[in-house]
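Below is one structure, written out as structure tokens; comments come after it.
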Amino acid sequence: MDYTDTETFTTILDRTETREKGNCFEDFTEGDRIEHAPGLTLSNYANELWASQTLNHDPIYWRTNAARAVGFDEPPVHPDYLLAAVMGPTVEDLSEKGGYFLGRTNVRYHDQTVTPGTELRVSSTVRSTASSSSRPEYGIVTWETEGVDAETGEPLVSYERTNMIPRREPVATDGGESATASDGGDADADEEADAPPSEFVTPDGDRFGDFAAALDEAEDRDAAVAYRHERGRTMDDVMVATLPLMTLNTAKQHHNVDVMADSPSGDIVAYGDVTRSVALGHARSDEATYRELGSDDEQFHTFVTPGDTVYGFTRVLDAEATHDHAGTVTFEHIAFNQHDEPVYSGTRRALIQQ
């Protein structure tokens with residue numbers, strides 16, 4: 001028999017079993033610890049490719065003199081690449097089956113001096129599992145993930161993320177009606193609370209004092225400190241496919257056009273950490289960033305596909321004088337596409353130079 005005959009081969013494919021990758025909801029139990037087998041060695045090439053393609057052009061991560069001026073011995077690994085390189089190897093074990101990425105929080109950078117050549121080890125712990133009332137074919141899983149230096153065992157970055165994960169068998173639910181029904185509240189009061197401020201204040205510069213002064217100006221007025229960033233980045237093949245695969249992110253959403261043609265997006269989609277990094281790259285271009293501290297309440301609101309352009313919007317929430325050389329600023333970042341639709345949001349804390 002000629003297995004390469006098209007008609008014969010189609011018959012054979014229909015009769016053979018596919019060896020599947022990834023885990024279903026039923027495979028996760030609260031408290032389980034998963035050691036992820038792949039582990040990246042962070043390379044200078046990958047670090048520079050990530051930072052350059054996502055418009056993260058802060059000289060601290062490119063030039064030795066700029067790095068030493070803020071206390072590094074040499075240019076460190078960019079924190080966005082580090083975070084993506086930790087999350088990438090988890091995909092095969094945690095979320096390769098697909099399902100909606102519901103959010104990530106408690107992103108914390110434990111070591112700011114990570115340099116190219118560092119080898120990663122990544123593990124995740126199942127924090128909770130729950131049924132989905134609205135989607136009986138899925139369950140909801142939250143994991144805590146940590147990336148450590150393989151040589152020293154020192155933690156580098158950690159976070160919690162939550163995904164919908166396909167079940168092997170759907171469960172009976174009430175369809176989620178109770179979760180979506182109106183609570184009968186005061187609609188007028190809700191509209192008033194949701195009304196945007198009457199004016200927006202833009203900081204005069206990129207230093208901590210500029211952010212603090214803008215917040216002082218907006219205080220006790222119907223005003224917020226918020227502004228748009230001029231740059232935009234259009235998603236191309238490098239952004240959508242190369243960058244996630246470079247971090248060992250095997251999710252078919254980023255590289256299998258055939259499968260994704262029948263999905264709600266109709267095409268492959270950008271890795272969430274690429275979209276996030278572009279948004280933060282836009283923001284950092286208008287900041288004198290000293291150190292990244294962490295992020296919370298990150299959500300991805302709609303698909304980003306090849307050809308979409310990602311822009312950035314920032315709101316300044318707080319500024320606290322915490323160091324002689326820098327102060328802590330809390331931002332809310334929103335990335336949006338060419339149709340002005342939000343695609344990512346999250347809060348971020350960073351040290352901004354005085």
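- Asp222 and Ser198 form a side-chain donor-acceptor contact under 3.5 Å, judged by distance and modelled atom types alone.
- Shown here is Asp318, whose CG atom has more than 12 heavy atoms of other residues, nucleotides or ligands within 6.0 Å.
- Residues Ser95 and Arg161 form a side-chain contact, since some pair of their non-hydrogen atoms from C-beta on lies under 4.5 Å apart.
- If you chain together hydrophobic residues whose side chains sit under 4.5 Å apart, Val304 and Met260 fall into the same group.
- Minimum interatomic distance between Ile334 and Ser345 (heavy atoms only, all atoms of both residues): CG1-CB, 4.2 Å.
- Using modelled atom types, one side-chain atom of Asn23 and one backbone atom of Asp93 make a donor-acceptor pair closer than 3.5 Å.
- Side chain of Ser43 to main chain of Ala46: a donor-acceptor pair is present (N/O by atom type, distance under 3.5 Å, no hydrogens or angles).
- With rounding to the nearest 0.5 angstrom, the CD1 atom of Ile268 is 13.5 Å from the NZ atom of Lys252.
- Between Thr113 and Phe72, the closest side-chain pair of non-hydrogen atoms falls below 4.5 Å.
- A 4.5 Å side-chain heavy-atom check between His229 and Asp286 finds at least one atom pair inside the cut-off.
- In this structure, Thr11 contributes its side chain and Glu7 its backbone to a donor-acceptor pair below 3.5 Å.
- Side-chain N/O atoms of Asp267 and Ser265 include no donor and acceptor closer than 3.5 Å.
- Here the options are Arg104, Arg108, Arg276, the test is side chain to side chain donor-acceptor pair (under 3.5 Å), and the partner is Ser295; only Arg276 passes.
- The closest donor-acceptor contact from the side chain of Thr347 to the backbone of Asp296 lies under 3.5 Å.
- A donor-acceptor pair is defined here as one N or O able to donate and one able to accept, closer than 3.5 Å; such a pair exists between the side chain of Gln112 and the backbone of Glu292.
- Hydrophobic clustering of Ile, Leu, Val, Met, Phe, Trp and Tyr side chains at less than 4.5 Å, counting indirect connections, unites Met246 with Val274.
- In summary, the side chains of Thr54 and Asn56 do present a donor paired with an acceptor at a separation below 3.5 Å, with no hydrogens or angles considered.
- Atom CG of Asp204 has 12 or fewer heavy atoms from other residues, nucleotides or ligands within 6.0 Å.
- A salt bridge links Glu35 with Arg33: at least one charged nitrogen is closer than 4.0 Å to a carboxylate oxygen.
- Between atom CG of residue Leu280 and atom CD of residue Glu287 there is a gap of 8.5 Å, rounded to the nearest 0.5 Å.
- At distances below 3.5 Å, at least one donor-acceptor pair connects side-chain atoms of His57 with backbone N or O atoms of Ser52.
- Under the 30°/60° scheme for interplanar angles, the aromatic rings of Trp50 and Tyr271 are found to stand perpendicular.
- Taking hydrophobic clusters as Ile, Leu, Val, Met, Phe, Trp and Tyr residues chained together by side-chain heavy-atom distances below 4.5 Å, Leu156 shares a cluster with Val122.
- Grouping the Ile, Leu, Val, Met, Phe, Trp and Tyr side chains by contacts below 4.5 angstrom, directly or via other members, places Tyr3 apart from Leu13.
- Looking at Phe300, Tyr344, Trp143 one by one, the single match for ring pair (Phe, Tyr, Trp, His ring centres under 6.0 Å) with Phe101 turns out to be Phe300.
- For CZ of Arg231, the number of neighbouring non-hydrogen atoms (other residues, nucleotides, ligands) closer than 6.0 Å is 12 at most.
- Under a 3.5 Å cut-off, the side chain of Asn47 and the backbone N or O of His78 do form a donor-acceptor pair.
- Contact record, Leu49 with Thr242: CD2-CG2, 4.4 Å, taken as the closest heavy-atom pair.
- We find the CZ-CG distance between Arg348 and Leu317 to be 11.5 Å, quoted to the nearest 0.5 Å.
- Hydrophobic cluster membership differs between Leu55 and Phe336, with clusters built from Ile, Leu, Val, Met, Phe, Trp and Tyr side chains linked at under 4.5 angstrom.
- Rounding to the nearest 0.5 Å gives a distance of 7.0 Å between CG of Asn106 and CD of Glu144.
- Counted by atom type alone, Glu320 and Thr322 present zero donor-acceptor pairs between their side chains at under 3.5 Å.
- Under a 4.0 Å N-O distance rule, the pair Arg127/Glu160 does not qualify as a salt bridge.
- The shortest side-chain heavy-atom distance between Met235 and Thr275 falls under the 4.5 Å cut-off.
- Taking each heavy atom of Arg167 and Gly139 in turn, the nearest pair found is CG-N, 4.0 Å.
- Under the 3.5 Å distance criterion, the side-chain polar atoms of His282 are matched with a main-chain donor or acceptor of Val310.
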Take Glu17 and Arg19 through the test salt bridge (Lys or Arg N to Asp or Glu O under 4.0 Å) and record every step on the way to the result. CA-CA 6 Å; Glu17 181 179 343; Arg19 299 187 64 178; over 6 Å; no
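- Taking all atoms of both residues into account, the shortest heavy-atom contact from His254 to Val269 is ND1-O, 2.8 Å.
- Using modelled atom types, one finds a donor on one side chain and an acceptor on the other under 3.5 Å when comparing Thr250 with Glu96.
- Using cut-offs of 30° and 60° on the angle between ring planes, the pair Phe211 and Phe331 is perpendicular.
- Pro155 places none of its side-chain heavy atoms less than 4.5 Å from the side chain of Asp111.
- Atom OG1 of Thr302 is separated from atom NE2 of His339 by 10.0 Å, given to the nearest 0.5 angstrom.
- You'll find the side chain of Glu48 reaches within 4.5 Å of the side chain of Trp62, heavy atoms only.
- Here the closest heavy-atom approach between residue Ala66 and residue Pro59 is recorded as CB-O, 3.5 Å.
- Side chains of Thr64 and Pro75 form a contact here, defined as non-hydrogen atoms less than 4.5 Å apart.
- Here the closest heavy-atom approach between residue Asp324 and residue Gln354 is recorded as O-CG, 3.4 Å.
- The residues Arg233 and Asp236 are annotated as salt-bridged, a charged nitrogen and a carboxylate oxygen being separated by less than 4.0 angstrom.
- Between Ser277 and Asp80, the side chains place a donor N or O and an acceptor N or O closer than 3.5 Å (distance only, hydrogens not considered).
- Contact annotation: the side chain of Thr8 never approaches that of Asp2 to less than 4.5 Å [non-hydrogen atoms, C-beta and beyond].
- Separation of atoms CG (Leu82) and CG (Leu120) is listed at 6.5 Å; rounding is to 0.5 Å.
- Of the charged side-chain nitrogens involved, at least one lies within less than 4.0 Å of a carboxylate oxygen, so that Asp27 and Arg168 count as a salt-bridged pair.
- Side-chain N or O atoms of Asn163 include none that pairs as donor or acceptor with a backbone N or O of Ile165 at under 3.5 Å.
- Judged purely by atom type and a 3.5 angstrom limit, Asp210 uses its side chain to pair as donor or acceptor with the backbone of Arg207.
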